[in-house]
**Q** 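Structure in structure tokens, see below.
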Amino acid sequence: MVQAYRMHIGGEWVGGDGYFNDLNPATGQVMARFPAGSAGDVDRAVDAAEGALKSWSETPPPKRGRILQRTADILRKEKERLGTLVATEMGKVMPEALGDVQEAIDVFEYFAGEGRRLFGNTTTSELKGKFAMTVRRPVGVMGLITPWNFPIAIPAWKLSAALVCGNTAVFKPSSDTPLCAYELVRILLRAGVPDGVVNLVTGSAADVGEAIVRHRRVGGISFTGSKATGEWITKNAGLKKVGLELGGKNPVIVMDDADLGLAVEGIIWGAFGTTGQRCTAASRVIAHRAIRKKLVAELVRRAERLRLGPGVAKTTDVGPLINMAAVEKTEGYVDIGRKEGAKLVCGGKRPPGRGFFYRPTIFDDADRGMRIAREEIFGPVLSVLECGGLDDAIDIANSVEYGLSSSIYTRDVNSALRAISGIEAGITYVNASTIGAEVHLPFGGVKATGHTREAGITGIDEFSHLKTVYIDYSGKLQKAQIDAGE
Ligand code: NAP
């Protein structure tokens, strides 16, 4: 018997008029059922969030921080159970699933500390007897819309920063991973988040997501997902504060002086970890012509050895894709790559059996004009392109519309620094793969990836406004620019 779960609105667990299935991607079987929420549910959730806003935003930030710390403590105690849930519902392998939970622990701890900072600035005034500073104010009711690929960590990034800043939230998780979201919300409630502060509304993009984006009393949207959805939100959110963390087509440059063994390790991890379903996944290798053949041969040897299986199995290196649509999308791109004339050197097919699996796939001889080398596939497909030198490599790296993560393998400090300044991306790694963000550093991209910077100290900017305050203690009318003189 499959359990039917509930949404959380205004402190109550509520059902829906209809329900949708939550599938285990390794088997295709239904593992849970969730309410198919409606625009009416969103409206009730916004009412509840608005009702809770005054009290929550007036709660001293260190007290809000303590609730976040308790959330981190519970997550830590339940890490194994939650990791197993992530591996089952989303499909990533256990070490990565535990990493997903660890990232949530880290970010709740990080933003718990922010409760005792939330710094503004003090500065000078051009007039005598006048004091000037900035203070942080919450945005209000925030709509948080998340994808499935980090089903605990991404909601945790948003909820931790939103809550410490004094916002209340209407949270719509991906319809592929509602159970992870449900468990996270339960933990927040156990940690002491008051009724109405976090409202969980499950359901489709059309019925729930769009209603949140368009809602007149939602003050801000924090969205992580595809470029297409990000563009839709930009057009439909009106004048809300909008944060967008979108896709990537992340390059790894391998120079002729690189430690090839290290580069191979990093590329395999970056391209096929999480089955290529990371926004920061290494999806392009830009290899110096002097080492390309050797590099590709070693990548193929390593990729062919990767074992597919359920995320929860100890022997699995690569888990399933999230759903059948993702398998078909990957398959479609492999066909495109073949037709475009790239050379398929590894994978390129589904394994037999049930579940949403696809073999790690490598195309050699790809070209910057090809769709497989420009568009986000979000599956285990790596394209290798050849470059003649560093300028050429940077040029190829920058030839796509995205700009999230990037990497260079080289032993030459000058090449590393030229890549850091030349690559158009929010993140550049040197002698490490394109994945592996740490929560105390800003995370985000440029160009079509969006320009948001979550996590780290800049995460606070996404979930608060800076209010500028002038205090005139001169006892007389003073006019800026007019009385200040030259
Ligand atoms: P998606 O299709 O854009 O969906 C993301 C979330 O938005 C889901 O909750 C989805 O609901 C909802 N949604 C879809 N259309 C909507 C609309 N018109 N209005 C409001 N909500 C809407 O993306 P995805 O396939 O889940 O995630 C993969 C994408 O996320 C990739 O492009 C990846 O690169 C990107 N990503 C980016 C980052 C980053 O930090 N830059 C991190 C992780 C992932 P349903 O699930 O109900 O459809």
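Counting begins at 1 with the first residue of the sequence. In each ligand, atom 1 is the first atom listed, and ligand 1 is the first ligand listed. Only heavy atoms go into these numbers, but all of them, side chains included; no hydrogens, no water, no symmetry mates.
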**Q** Side chains of E89 and T177: any donor to acceptor distance under 3.5 Å?
**A**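 No, no side-chain donor-acceptor contact under 3.5 Å.
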
**Q** I need the atoms of ligand 1 closer than 4.0 Å to a non-hydrogen atom of W148, numbered in the order shown.
**A**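 In order of number, 24 (P), 25 (O), 26 (O), 27 (O).
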
**Q** Please tell me whether S38 and D41 have a donor and an acceptor in their side chains that are separated by less than 3.5 angstrom.
**A** yes

**Q** Going by distance alone, is a donor N or O of one side chain under 3.5 Å from an acceptor N or O of the other, for D43 and H215?
**A** yes

**Q** Is it the case that R278 places NZ or CZ above or below the six-membered ring of W148, under 6.0 angstrom from the centre and within 45 degrees of the axis?
**A** no

**Q** Please could you name the atoms of ligand 1 that G203 approaches to less than 4.0 Å, counting only its heavy atoms?
**A**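 Going through ligand 1 atom by atom, the ones under 4.0 Å from G203 are 47 (O).
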
**Q** Among protein heavy atoms, which sits nearest to atom 21 (N) of ligand 1, and what does the distance come to when rounded to 0.1 Å?
**A**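 Result for atom 21 (N) of ligand 1: G209 CA, 3.6 Å.
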
**Q** Tell me: protein heavy atom nearest atom 41 (N) of ligand 1, and distance?
**A** L246 O, 2.7 Å

**Q** In a check of side chain to side chain donor-acceptor pair (under 3.5 Å) between Y333 and each of E340, E376, R338, E375, which one passes?
**A**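 Among the candidates, only E375 passes.
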
**Q** Considering both backbone and side-chain atoms of G225, is one of its nitrogen or oxygen atoms within less than 3.5 Å of a nitrogen or oxygen in ligand 1?
**A** yes

**Q** Does ligand 1 have a heavy atom under 4.0 Å from the side chain of V208, from its backbone, from both, or from neither?
**A**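 No part of V208 comes within reach of ligand 1.
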
**Q** Taking NZ, NE, NH1 and NH2 as the nitrogens, is one of them in E245 or K158 under 4.0 Å from a carboxylate oxygen of the other?
**A**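 Between K158 and E245 there is no salt bridge, as every charged N stays at least 4.0 Å from the carboxylate O atoms.
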
**Q** Out of S175, C279, A455, who gets a non-hydrogen atom closest to atom 36 (N) of ligand 1?
**A**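 It is C279 that holds the nearest heavy atom.
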
**Q** State whether any protein heavy atom lies less than 4.0 Å from atom 4 (O) of ligand 1.
**A** no

**Q** Please write down residue, atom name and distance for the protein heavy atom closest to atom 28 (C) of ligand 1.
**A**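 Of every protein heavy atom, F378 CE2, 3.6 Å lies nearest to atom 28 (C) of ligand 1.
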
**Q** Does a side-chain N-to-carboxylate-O contact under 4.0 Å join K227 and E231?
**A** yes

**Q** Tell me: protein heavy atom nearest atom 11 (O) of ligand 1, and distance?
**A** K172 NZ, 3.0 Å

**Q** Checking side-chain polar atoms at under 3.5 Å, does K349 have a donor or acceptor matched by the opposite partner on T361?
**A** no

**Q** Can you list the atoms of ligand 1 that are under 4.0 Å from a heavy atom of P173?
**A** 9 (O)

**Q** Verify the distance criterion only: is there a donor paired with an acceptor across the side chains of S464 and R136 at less than 3.5 Å?
**A** yes

**Q** Which atoms of ligand 1 are found less than 4.0 Å from any heavy atom of A205?
**A**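 Those qualifying, in numeric order: 11 (O), 13 (N), 14 (C), 15 (N), 16 (C), 22 (C), 47 (O), 48 (O).
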
**Q** Just to check, does F150 reach to within less than 4.0 Å of ligand 1 when the distance is taken from its heavy atoms?
**A**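 Judged by the 4.0 Å heavy-atom criterion, F150 does not count as contacting ligand 1.
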
**Q** Once you measure the plane-to-plane angle for F34 and Y5, does it fall in the parallel (<30°), tilted (30-60°) or perpendicular (>60°) bin?
**A** parallel

**Q** List ligand 1 atoms under 4.0 Å from L404, heavy atoms only on the residue side.
**A** 41 (N)

**Q** Got the closest protein heavy atom to atom 12 (C) of ligand 1, with its distance?
**A** I145 CG2, 3.7 Å

**Q** Is there a nitrogen or oxygen of S226 sitting under 3.5 Å from a nitrogen or oxygen of ligand 1?
**A** yes

**Q** Are E401 and K249 ion-paired here, with the side-chain N under 4.0 Å from a carboxylate O?
**A** no

**Q** Under 4.0 Å from any heavy atom of N149, which atoms of ligand 1 are there?
**A** 43 (C), 44 (C)

**Q** For atom 32 (O) of ligand 1, which candidate among E376, K235, E454 holds the nearest heavy atom?
**A** E376

**Q** Give yes or no for whether the N/O distance cutoff of 3.5 Å, strictly under, is met between D176 and ligand 1.
**A**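 No - when backbone and side-chain N and O of D176 are compared with those of ligand 1, no distance drops under 3.5 Å.
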
**Q** Decide, yes or no, whether a salt bridge links K92 with D100 under the criterion of side-chain N to carboxylate O below 4.0 Å.
**A** yes

**Q** Is the closest side-chain donor-acceptor distance between S407 and T434 under 3.5 Å?
**A** no

**Q** Tell me which part of F223 gets within contact of ligand 1: side chain, backbone, both or neither, using heavy atoms under 4.0 Å.
**A** side chain

**Q** Is Y358 reaching over with its side chain to a backbone N or O of G348, donor-acceptor style, under 3.5 angstrom?
**A**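 Confirmed, Y358 side chain pairs with G348 backbone.
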
**Q** Would I154 count as a polar contact of ligand 1, with the cut-off being nitrogen or oxygen pairs under 3.5 Å?
**A**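 No; every N/O pair is 3.5 Å or more apart.
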
**Q** Tell me, which protein residue and heavy-atom name are nearest atom 17 (C) of ligand 1, and how many Å apart are they?
**A**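 It is T229 CG2, 3.7 Å.
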
**Q** Based purely on interatomic distance, does T146 place a nitrogen or oxygen under 3.5 Å from a nitrogen or oxygen of ligand 1?
**A**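 Looking only at distances, the answer is yes, because the N/O contact criterion of under 3.5 Å is met.
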
**Q** With heavy atoms of S204 as the reference, note each atom of ligand 1 found under 4.0 Å away.
**A** 47 (O)

**Q** Of the backbone atoms (N, CA, C, O) and the side-chain heavy atoms from C-beta on, which set of A228 has a member under 4.0 Å from an atom of ligand 1: side chain, backbone, both, or neither?
**A** neither

**Q** Looking only at protein heavy atoms, which one is nearest to atom 27 (O) of ligand 1, and how far off is it?
**A** P147 CB, 3.4 Å

**Q** Need the ligand 1 atom indices (1-based, order shown) with element for anything under 4.0 Å from a heavy-atom of T224.
**A**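 Result: 5 (C), 36 (N), 37 (C), 38 (C), 39 (C), 40 (O), 42 (C), 43 (C), 44 (C).
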
**Q** Could you tell me if the ring centre of W157 sits under 6.0 Å from that of F111?
**A** no

**Q** Does any N or O of ligand 1 fall below 3.5 Å from an N or O anywhere on R278, backbone included?
**A** no

**Q** Is the shortest side-chain N to carboxylate O distance from E462 to R453 below 4.0 Å?
**A**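 Salt bridge: no.
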
